[in-house]
Participant: 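Attaching a single structure in C-alpha cells format; questions to follow.
Please read these numbers as outputs of a predicted model, since none were measured by experiment.
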Amino acid sequence: MKNYYHLLYLGRSKGMSILNKRWVQTDSFTRAHQYSRIHPKSPQTPHPFSNSHFSRNRCRIVSNVSHSYPPPSLSYLNLNNHHAQISTMHTLQVSDHEVDDKLDYQVKVKESEFISATHAPNHEFWMPLSNLDLLLPPLAADVFFCYKKKDGTDMSTEMVVKTLKKSLGTVLSTFYPVAGEIVPNRHGEPEMLCNNNGVEFFQAHADVDLQSLDLHYPDETVKGKLVPKINRGVFSVQVTELNCGAIILSCAFDHRLIDGKSCAMFLTAWAEIARFKKISNTPSFRSSILSPRRPPRYDTTFDDMYIPVSSLPPPPPSSYEDPLCSRFYYINAESIKQLQSQASTKDIRRSKFQSFTAYIWKLLAQKCNCDANETTRVGVIVNGQNFLTGNTEEESSCLKNHYGNILSIPYGKENNHHLQKMTLNEVANKVNAFVNKASNEEHFRGLVDWVELHRPEPGVARIYFKLDETDGDAVVVSSGYGLQTENMQFGWGEPEFGSFHFPWGGQTGYIIIVPSAKNNGDWVVYSHLKQKHLDLIDSKASHLFKPLSQSYLNFR
C-alpha cells in the first residue's frame, strides 16, 4: 500500500501527526439551524460571511483536461489550507497506460466559484469529528450522474447551472458543515471548521457526445475529466455539458465527514430543494451520540481488525508493482438470483450481497501464487446505523439521520487452496460469520471505545495492509444501495446512469454495487482492482460480470 503509507506518513509533517499530543474530546450538539457552540479560540483571520449563496470569491478560468498526468496519488486533499485562495481546477490523476484515440477528448472548465450557504450563523465555530470519523484517512470519493438530453425539457447550461447553484446555497444552510473545511485543531486532530467558505462549483464543457463515452473504462473517460477535485473544503461539484446537450453532474466528497449514505442524503435533499420541495430527511451533526463509554472498554477482536499507525511495518517495495485499475460492469437481476441460490441452502437463505461477496472471495483465490500458505482476504463495509439505538427517542432519531461515518470493516482470511475447494455455500457461511460479528450495537460501541483508548494516535483498518507473511491480495466490498437514482431529479428528469467512483489507489481492491438506474433489479458494479483480478473476471466470470456498454445504457 505505497500510496496509503505515503498518505498517512506525509500527513504527519503537515499537521496530521498527533502521536505525541492529546486532545480531550468535548461534546457538541449541532443540527440544522442550531449553531450555538463557539470554539474559544477561533483562527486569527476569520473569513467574513457572504450575504449571498454566490460566493464572494469568484474567478473565470479555462483549462484543458488531458491524459498526461503523473502516477495516481491519494494525497491531493490539503488539510492545512484554512486561508487557501481559489485556484484553477487540478484534476485527479489518471493511469499512464495508452488509450484509444476515441477516448481522448478534452474538457474545458469555463468557470469556477465557491457557493456558500444562503443562511449562515453569525460566527464560525468548530465541530469535532466523531471517533468513527477519525478512523478514515483523508480520502476523496466521487459520485456522478448522466442526464440524457430530453425533448421538451429545458436542459440549457444556463438553466441547469442557475438551478443547481441557487438550490445548493439553500441546502447548505441545512447541511451547514458541508460548507466548511477540515483542519487540524490545536491538539493536532482533524476537526470541522464551520466557516461557510463554501463548496467549489465547476462549470465545464466536454468535447464528446454521451453515446461516445465508454464507461466500462472510467480511468480513461471519467477520472480527471468528469469528476472534480477538492481544492478546499470537504465537497466540490462539477457540471459538464456534452456536445449532444447531455449533462453530467458529479461531486467529490471528503470521506472523513461524508460516507456514501450521507452523500446520498445530501444529494436527495439538494434535488428536493431544486424542485421546491421540503427536505424529507434532516441531518444530525450531533457527534456526542457517538461518545465513548465511561470507562471505555472493548474486547481483543478489535485488535484483529484495526491497528495504530505506529504499529505499521515499513512497506515492502515489491508490493507496489501492480497498480489498481477501474472498471464498470453490470449484473442482471436473474444472475444475482442464481448466485444467491448457489450460496444458500434449503434451510438458510443468504442475502444477495453476502452471496456476491462470497463469489468474489472464491474467484480471487484462483489467482494465487504457488505458496501453499498464501491467503486471500475479503472485507465488508458494515453500516452501524442499522444497529445503534439511543437512550431516548431523540438520540435514536439523531443516530438514524447521523451525518458522518458509522462504519466498520470486518474481514475474513482464508487459505487460497482451501477457498478453491469450498462450495460457494461454504464460503458464504464464512462471510456471514465475520459480518455477523460486526452487525450489532456492542461492536460499534466497542469500536468507538477502541479509538478513544488509542487517541491521539490514529488507527487504520488492518485489511489495507499486508501484515503477515502469508497475507495475499485483499479486496473490500461495499453496498451503495442508498444511492437511488430516482431521487436525483433536479428538474430535468431522472438520470440514465449514476454511480460512485472511488479510485483510492494502494494495493487493496475495492468493489461497490449500486442499483441500476433501470430499476429492474440489475446491479452496476464499480471495481477498482489489480489488472490480474480484472483479467480473472473477464476470463472466469464473464457470464456474471457484463461490461457496462452503450447497448445497456441506452444513451442514444
Side-chain angles (χ1 to χ4, degrees), residues 94-95 97-105 107 142-153 155 206-223 225-227 240-250 325-339 352 356 359-360 363 480-481 483-486 488-489 492-501 503 511-529 531 533-556:
V94 300
S95 56
H97 57 81
E98 296 181 358
V99 297
D100 296 334
D101 290 340
K102 65 178 182 179
L103 300 175
D104 191 13
Y105 67 93
V107 174
D142 312 315
V143 62
F144 70 102
F145 305 94
C146 302
Y147 299 86
K148 186 168 61 175
K149 178 67 175 177
K150 300 174 180 66
D151 295 335
T153 301
M155 288 182 61
D207 187 20
V208 68
D209 293 327
L210 184 60
Q211 56 266 32
S212 299
L213 287 177
D214 188 352
L215 293 182
H216 179 51
Y217 297 99
D219 289 340
E220 288 79 35
T221 55
V222 177
K223 186 178 179 181
K225 292 192 172 188
L226 300 179
V227 291
T240 308
E241 181 190 26
L242 278 60
N243 287 338
C244 60
I247 294 293
I248 295 180
L249 171 63
S250 62
C325 305
S326 297
R327 296 286 188 275
F328 273 115
Y329 300 93
Y330 75 92
I331 304 177
N332 63 54
E334 186 58 35
S335 295
I336 299 169
K337 292 178 182 178
Q338 292 176 4
L339 196 64
K352 295 176 181 178
F356 173 77
Y359 182 85
I360 291 294
L363 178 68
Y481 245 73
L483 189 71
Q484 300 290 331
T485 53
E486 62 263 29
M488 301 300 115
Q489 297 188 53
W492 44 88
E494 296 180 17
E496 277 65 39
F497 177 78
S499 177
F500 291 105
H501 173 256
I511 295 176
I512 184 170
I513 60 171
V514 297
S516 170
K518 293 179 179 292
N519 295 318
N520 59 357
D522 291 359
W523 286 353
V524 169
V525 181
Y526 171 75
S527 302
H528 188 60
L529 302 169
Q531 185 61 53
H533 293 143
L534 294 171
D535 293 341
L536 195 63
I537 288 176
D538 294 338
S539 63
K540 301 289 187 181
S542 59
H543 63 287
L544 185 68
F545 288 80
K546 305 295 184 181
L548 195 64
S549 61
Q550 281 289 337
S551 61
Y552 179 80
L553 293 169
N554 193 26
F555 280 162
R556 297 184 184 276

Participant: Using a 4.5 Å cut-off on heavy atoms from C-beta on, say whether the side chain of Leu339 contacts that of Ile331.
Facilitator: no
Participant: In this structure, which one of Phe145, Tyr147, Tyr552, Phe328 forms a ring-ring contact (aromatic ring centres under 6.0 Å, His included) with Phe497?
Facilitator: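 Of Phe145, Tyr147, Tyr552, Phe328, ring-ring contact (aromatic ring centres under 6.0 Å, His included) with Phe497 is met by Phe328 alone.
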Participant: Donor-acceptor pair, distance only, cut-off 3.5 Å: does the side chain of Ser516 make one with the backbone of Lys518?
Facilitator: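 Yes.
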Participant: Please identify each residue that fulfils ring-ring contact (aromatic ring centres under 6.0 Å, His included) with Phe555, with sequence neighbours left out.
Facilitator: none
Participant: Could you check if a side-chain atom of Arg327 sits within less than 4.5 angstrom of a side-chain atom of His216, using non-hydrogen atoms only?
Facilitator: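 Yes, at least one pair of side-chain atoms sits under 4.5 Å.
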Participant: How close do Thr221 and Tyr105 get, counting heavy atoms only, and between which atoms?
Facilitator: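 That would be O-OH, 2.5 Å.
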Participant: So which heavy atom on Val514 is nearest to which on Gly498, and how close?
Facilitator: CG2-O, 3.9 Å
Participant: Between the main-chain N or O of Leu226 and the side-chain N or O of Thr240, is there a donor-acceptor pair closer than 3.5 Å?
Facilitator: no
Participant: Is the backbone N or O of Cys244 less than 3.5 Å from a side-chain atom of Asp209, with the two atoms forming a donor-acceptor pair by type?
Facilitator: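 Here the side-chain-to-backbone pair exists.
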Participant: I'd like to know if the side chain of Ser335 pairs up with that of Asn332 as donor and acceptor (distance under 3.5 Å, no hydrogens or angles considered).
Facilitator: yes
Participant: Considering non-hydrogen atoms only, spot the tightest contact between Met155 and Lys148 and give its length.
Facilitator: SD-O, 3.5 Å
Participant: Any side-chain heavy-atom pair from Asp535 and Gln531 closer than 4.5 angstrom?
Facilitator: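 Yes, their side chains come closer than 4.5 Å.
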Participant: Please determine whether the number of non-hydrogen atoms from other residues, nucleotides or ligands lying under 6.0 Å from atom NZ of Lys540 exceeds 12.
Facilitator: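 Counting neighbours around NZ of Lys540, 12 or fewer heavy atoms of other residues, nucleotides or ligands fall under 6.0 Å, so no.
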Participant: Donor-acceptor check, side chain of Gln550 to backbone of Leu215, threshold 3.5 angstrom: yes or no?
Facilitator: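 No, because the side chain of Gln550 does not come within donor-acceptor range (under 3.5 Å) of the backbone of Leu215.
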Participant: Check whether any side-chain heavy atom of Leu548 sits under 4.5 Å from a side-chain heavy atom of Tyr329, and report yes or no.
Facilitator: no
